[in-house]
Amino acid sequence: MIITIASGKGGTGKTTVAASLAISLAAEQPPPPLFLDCDVEAPNAHLFLHPKLDKQQDVALLIPSVDETRCTHCGKCAEVCQYHAITVLGQKTLVFPQLCHGCGSCAALCPEKAITEIPNRMGILEHGLGRDGVAFARGVLNLGEPMAVPVIRHLLAWAQPASGQVVLRDASPGTSCPVVATIRGSDYLLLATEPTPFGLHDLRLAAQVAAKLGIPAGVIINRENSPYPDMDAFCAEKRLPVLLRIPFKRAIAEGVAQGKTLLDIHPEYGDCFRQVFRHISRRL
Amino acid sequence: MRIVLTSTSPGLEAAIDPRFGRADYFLVVDIDTLEWEVHTNLGANAAGGAGIKAAQCIFNFNVAAAISGEFGPNAFDALQAAGIAMYRYGDCRTASQAIERFKVGQLEKIGAPTRQGHHGRG
């Protein structure tokens, strides 16, 4: 079973929720879950799960390299590239590696066979055992590299679960391509939100993504200090069950700031998260 | 000498468009005769690489210089490879104003990108 934790809005407690769910399941559910930190632009789940990273692999995208001695500057490569990653200006053919999606069309269509594809390292995958036996893997995108999706795709293909192992994917904030790449193929989407207009606005967007992808979703409302009827009304209207409400408490904020999960701060959260998991299991 | 300016509408009295890759129009002007032609920027809504597409388009206009507000890193590399000089509008408001200043060498010629890339972040 694959559960993705996403949010729309950043800073609503996705990773806190995901790590707490992982530790709660590790105590009861053999084998302990596989946790995938898919927020490759700013991975932070290691702060909660403390993995001993002992396996690594580079992620590279194949980008064009032009042999100027063979190139006739006919422009076929530039014509086919919808990302404008290769362009022909008079007697020069230029490649813009950061725009290249690695599709290989330019190399395949070059009539002079002047283009070869060379690997362009854009990030790294890491794997290791985290606390409480949680299996952990993450992708890390190189600084300044604009495209996160290839790293996420490689991570999902690389870190395969054992038979019967629950997979938890921690998504990046927002609802753009990296989030869609993380959610795709999941069985359930857990949306962490906060009871503010910003939280609700982005929850709406995230719920639309879930609906478009046809993935059942539920909501966890974090930092709830007072009722926010608009959010409950939205969840009721969209039939999004509110699976857990986490109060806005100083003790929780202090604990999370020290890298503690919710059940390290209040042990009863272990049962809360296992209930959330049982609800999801029944739903599927 | 032919040059290209980014503008928000056709004509020499057009207001300038400070964006290069995502400008509304490319105004091609012969600065000696003031004859002009206008081209809609077909790449204004490109998902990415708008500056490169614009440079490729401008290359075919056979111009010696381009005037705009900002040139990002990709547009800069492409225009430089194409041998097209780049100038900034500064506080010019219309195309004709910029042409006058260009003629007397009062526009800033740039030798490096004027801003960071957008990388799909608008």
Side-chain angles (χ1 to χ4, degrees), chain A residues 10 40-42 61 63-66 68 71 73-103 105-106 120 122-123 141-152 172-181 205, chain B residues 1-4 6 19-23 26 28 39-66 68 70-86 110 112-122:
Chain A
V40 303
E41 286 168 274
L61 205 62
I63 65 162
S65 168
V66 181
E68 283 284 355
C71 178
H73 311 102
C74 69
K76 287 215 163 60
C77 52
E79 227 171 273
V80 72
C81 183
Q82 57 173 308
Y83 302 105
H84 310 113
I86 188 162
T87 188
V88 178
L89 296 153
Q91 294 305 301
K92 282 194 185 123
T93 302
L94 296 184
V95 175
F96 295 87
Q98 292 198 327
L99 297 176
C100 179
H101 284 52
C103 73
S105 303
C106 56
N120 182 36
M122 60 192 308
L141 184 68
N142 287 353
L143 276 181
E145 196 69 50
M147 267 194 302
V149 172
V151 176
I152 296 168
S172 51
T175 45
S176 61
C177 302
V179 176
V180 174
L205 299 177
Chain B
M1 182 198 221
R2 278 158 65 88
I3 65 169
V4 64
T6 53
R19 303 164 300 173
F20 176 69
R22 297 190 187 279
F26 297 126
V28 179
H39 301 264
T40 307
N41 178 12
L42 299 174
N45 297 314
I52 297 165
K53 192 172 164 63
Q56 207 166 30
C57 176
I58 280 170
F59 180 77
N60 298 324
F61 299 155
N62 197 18
V63 293
S68 189
E70 304 282 349
F71 296 89
N74 292 337
F76 180 85
D77 285 351
L79 288 172
Q80 200 175 42
I84 296 170
M86 288 161 266
I110 66 156
T114 58
R115 62 157 179 78
Q116 295 279 302
H118 292 310
H119 299 317
R121 294 193 179 92

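The basis for the numbers below is simple: all heavy atoms, side chains too, and nothing from hydrogens, waters or symmetry mates. Just so we're on the same page: letters track the sequence lines, and every chain starts at 1. For clarity, every value in this text was computed on a predicted model and none was experimentally measured.
For B/Phe20, the ring-ring contact (aromatic ring centres under 6.0 Å, His included) partners two or more places apart in sequence, or in a different chain, are B/Phe71. Under the rule for a side chain to side chain donor-acceptor pair (under 3.5 Å), A/Thr175 has no partner lying at least two apart in sequence or in another chain.
Distance check, rounded to the nearest 0.5 Å: CG of A/Leu89 to CD1 of B/Ile84 gives 7.5 Å. The CG atom of A/Leu94 sits 7.5 Å away from the CG atom of B/Asp77 when rounded to the nearest 0.5 Å.
Closest approach of B/Gly48 and A/His84 over heavy atoms only: O-ND1, 2.9 Å.
Using a 4.5 Å cut-off between heavy atoms, A/Tyr83 contacts chain B through its backbone alone, with no side-chain atom that close.
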